[in-house]
Amino acid sequence: MTESEMTSALLDWYDRHARTMPWRTGPAEKAAGVRPDPYRVWLSEVMLQQTTVAAVRKYHDRFTALWPTVADLAAADDSEVMAEWAGLGYYARARNLLKCARAVVADHGGRFPDTHDALIALPGIGPYTAAAVAAIAFDRSETVVDGNVERVMSRLFDVATPMPAAKPELIAHAARLTSHARPGDHAQAVMDLGATICTPRNPACGICPLRDPCLARLRGTQTERPVKASKKAKPHRRGYAYVGRRADGAWLLETRPDKGLLGGMLGFPGSDWGEAPTPMPPAAGDWRAAGEAVHVFTHFRLTLTVMVADLAPVNPERGHFVPEDAFRPGALPTAMRKVHDVAAPHLSVERRHTAG
DNA sequence: CACCCGTGGTG
DNA sequence: TCACCAAGGGT
């Protein structure tokens, strides 16, 4: 089978099995030559970075309902956007999302640029996202290479070179297969194939449109591709988190600095995180331990000792009081939401509520 | 190039 | 329970 025939087989499969998604155009629109909205495509691509489609759907729905255009998003408050992103992870994406939206309005008249070079110059848009938006929204002949494409290529051509050294080779294979007639569909076809058929474990080779030319299938090496280096063990860190409430129900919270872990997100004041953290209460009070919150990040495991106190109406040394009706636990990143869930039943304001 | 940066699902 | 993983980007 020639490379051209592989491309055709892939597009034929996509025409029959493409998944329906909020940012994709339906068959009728597609037949009429309607391109998807670049804003919705860009938003989906940023949300999908290292994130599953299942997790992204509801966030994409919510964002486009609140902010239907890039100009609406550009005009939004930072804190509101960060709160809506809470739970999706990799919070630098949300900060760059706003920077990018504002740059599109300020520098491009509120319309997304339609070339790879102009897109990659925007915040939060790297090689993958620039190619994906150019191909999917503007049907540019860009080769889109993400984790799915790398896996499909490494199997199709049985590439034994370990990652990430194999990347140039995989990119070259992907470039030769790219359809110049339907680049946007081709990009999504390879990614759909990787997500539904050519999966990391237990690939469904029997129903794969590329099963005949696939070298890894021929040699039985599917599950050994791509070759990846072993991961390092995760260190264990400890820390203290302080959940304080006033009698009127206000919560003692802080907005974390933009740099670093959970940057720009709302959270509870705490100690440093390490092997032997130093207790650091953010305000004077009768602090007592309520329990522990365990959370696993990408590169370390964290156990937080959750301290609670019913606070007098004094000025805290760190953080600020947020009125009860202005606070949603859903606006917290997951690690902090776990802290909240451990603490809440131990605070007298909450006990009064549950008792009443 | 190596490391940092979240989270929820899955085998 | 646990290790691995998902449509990567920034530094």
Side-chain angles (χ1 to χ4, degrees), chain A residues 18-19 21-24 40-60 82 85-97 99-100 119-137 142-152 162-165 167-168 171 174 184 186-196 198-203 223 226 228-237 256-265 267 273 294-302 330 332-338:
Chain A
R19 292 176 291 173
M21 298 180 192
W23 48 90
R24 286 183 176 174
R40 296 173 66 90
V41 171
W42 160 74
L43 182 63
S44 75
E45 291 302 340
V46 174
M47 288 181 164
L48 286 164
Q49 290 167 8
Q50 298 289 288
T51 309
T52 57
V53 169
V56 164
R57 279 185 198 280
K58 50 186 176 290
Y59 283 85
H60 193 276
M82 298 310 288
W85 196 277
L88 200 53
Y90 285 135
Y91 298 100
R93 293 185 295 173
R95 286 178 269 128
N96 285 328
L97 190 81
K99 284 186 194 169
C100 182
L119 286 163
I120 204 171
L122 291 165
I125 298 186
Y128 163 76
T129 305
V133 173
I136 297 168
E142 298 289 342
T143 299
V144 177
V145 182
D146 71 332
N148 285 309
V149 179
E150 288 174 355
R151 186 171 57 258
V152 171
M163 297 293 289
K167 285 200 175 194
I171 291 170
H186 176 82
Q188 295 176 95
V190 187
M191 292 191 284
D192 271 24
L193 187 76
T196 63
C198 196
T199 52
R201 288 171 289 194
N202 304 321
T223 57
K228 292 191 176 178
S230 57
K231 313 259 178 177
K232 290 187 234 175
K234 287 182 184 180
H236 195 319
R237 298 185 196 168
R256 302 172 60 85
D258 276 353
K259 303 274 182 190
L261 198 73
L262 310 181
M265 297 300 290
W273 296 346
V294 177
H295 191 71
V296 181
F297 290 102
T298 307
H299 53 293
F300 66 95
R301 173 186 304 270
L302 178 66
L332 297 170
T334 300
M336 290 295 164
R337 189 180 46 71
K338 289 179 180 175

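Throughout, protein chains are lettered first and strands after them, A, B, ... in sequence-line order, and every chain is numbered starting at 1. Keep in mind the model is a prediction, meaning the values are calculated, not measured. As a basis for the values below, the full set of heavy atoms in this structure was taken, side chains included, without hydrogen atoms, waters or symmetry mates.
Put simply, A:Thr51 has no side-chain N or O that comes within less than 4.0 Å of OP1 or OP2 on B:dG8. One finds no side-chain N or O of A:Gln49 lying less than 4.0 angstrom from the OP1 or OP2 phosphate oxygen of C:dG8. Phosphate proximity of B:dG6 to A:His295: absent, as no side-chain N or O sits under 4.0 Å from OP1 or OP2. Distances shorter than 4.0 Å separate some side-chain N or O of A:His299 from OP1 or OP2 on B:dC5.
Considering only residues two or more places apart in sequence or on other chains, A:Trp273 meets the ring-ring contact (aromatic ring centres under 6.0 Å, His included) condition with none of them. In terms of the salt bridge (Lys or Arg N to Asp or Glu O under 4.0 Å) criterion, residue partners of A:Arg24 (sequence neighbours excluded) are, by chain and number, A:Asp192. In this structure, the ring-ring contact (aromatic ring centres under 6.0 Å, His included) partners of A:Phe297, at least two apart in sequence or on a different chain, are A:His295, A:Phe300. Contacts of A:Lys167 classified as salt bridge (Lys or Arg N to Asp or Glu O under 4.0 Å), with partners at least two apart in sequence or in another chain: A:Glu150. Residues meeting the side-chain hydrogen bond (donor to acceptor under 3.5 Å, both in side chains) test with A:Glu45, sequence neighbours left out: A:Tyr128.
Nucleic acid contact for A:Met265: none, since no nucleic acid atom lies under 4.0 Å from a heavy atom of the residue. Residue contacts shown for A:Pro123 are limited to sugar-phosphate atoms, with no base heavy atom under 4.0 Å away. Using a 4.0 Å heavy-atom cutoff across all strands shown, A:Arg256 reaches no nucleic acid atom at all. Counting non-hydrogen atoms under 4.0 angstrom, A:Arg151 reaches the backbone sugars and phosphates but no base. Nucleic acid contact class of A:Leu88 (heavy atoms, under 4.0 Å, all strands): base. Among the heavy atoms of the strands lying under 4.0 Å from A:Val296 is at least one base atom, whether or not backbone atoms are also near. If you check every strand for non-hydrogen atoms under 4.0 Å, A:Ala187 touches nothing. Note on A:Gly263: nothing from the nucleic acid sits closer than 4.0 angstrom, heavy atoms only. In this structure, A:Lys231 reaches the sugar-phosphate backbone alone: every heavy-atom distance under 4.0 Å involves primed, P, OP1 or OP2 atoms, never a base. Looking at heavy-atom distances under 4.0 Å, A:Thr298 makes contact with a base. Within the nucleic acid shown, A:Lys232 comes within 4.0 Å of sugar-phosphate atoms alone, with no base atom in reach, counting heavy atoms only. Looking at heavy-atom distances under 4.0 Å, A:Val46 makes no contact with the nucleic acid at all.
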Apply the test side-chain contact (heavy atoms from CB on, under 4.5 Å) to residues A:Leu332 and A:Met265: give CA-CA distance (whole Å), side-chain angles for both, the deciding distance (0.1 Å), then the verdict. CA-CA 7 Å; A:Leu332 297 170; A:Met265 297 300 290; over 6 Å; no

Quick one: do A:Val152 and A:Leu193 satisfy side-chain contact (heavy atoms from CB on, under 4.5 Å)? Show the steps, please. CA-CA 8 Å; A:Val152 171; A:Leu193 187 76; 4.2 Å; yes

Derivation of the side-chain contact (heavy atoms from CB on, under 4.5 Å) call for A:Arg93 and A:Thr51: CA-CA 12 Å; A:Arg93 293 185 295 173; A:Thr51 309; 3.1 Å; yes

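Atom CZ in A:Arg301 sits about 7 Å away from atom P in C:dA3, given to the nearest Å. Atom pair A:Leu48:CG and B:dG6:P shows a separation of 18 Å (rounding to whole Å applied). With rounding to whole Å, A:Asp146 atom CG is found 15 Å from C:dC5 atom P. The interatomic distance linking A:Glu150 (CD) with C:dC5 (C1') rounds to 14 Å, in whole Å. As a whole-Å value, the separation of A:Met21 CE from C:dA6 P is 15 Å. Nucleotide C:dA6 holds its C1' atom 15 Å from the OH atom of A:Tyr59, rounded to whole Å. As a whole-Å value, the separation of A:Leu261 CG from B:dC5 C1' is 7 Å. Atom CG in A:Asp258 sits about 14 Å away from atom C1' in C:dG10, given to the nearest Å.
Secondary-structure annotation of DNA chain B gives the stems B:2-5 with C:8-11, B:7-11 with C:2-6, with a stem taken as at least 3 successive Watson-Crick or G-U pairs whose two distances both fall under 3.5 Å.
The local environment of CZ in A:Arg301 is sparse, with at most 12 non-hydrogen atoms from other residues, nucleotides or ligands closer than 6.0 Å.
A donor-acceptor pair under 3.5 Å is absent between the side-chain atoms of A:Arg256 and the main chain of A:Gly267, judged by distance alone.
The base of B:dG6 is paired with the side chain of A:Tyr90 by a donor and an acceptor separated by under 3.5 Å. Donor-acceptor pairing under 3.5 Å, judged by distance alone, is absent between the side chain of A:Thr52 and the base of B:dG9. Remark: the A:Thr129 side chain and the C:dG9 base include no donor-acceptor N/O pair separated by less than 3.5 Å.
Taking the P atoms as reference points, C:dT11 lies 14 Å from B:dG6, given to the whole Å.
Toward the 5' end of DNA chain C, the nearer of the two residues A:Lys234 and A:Ile120, judged by each one's closest nucleotide, is A:Lys234. Nucleotides of DNA chain B nearest to A:Ala55 and A:Asn202 differ in position, and the one nearer the 5' end is that of A:Ala55. Where A:Arg93 and A:Arg201 each meet DNA chain B at their nearest nucleotide, the meeting point lying more 5' is that of A:Arg93.
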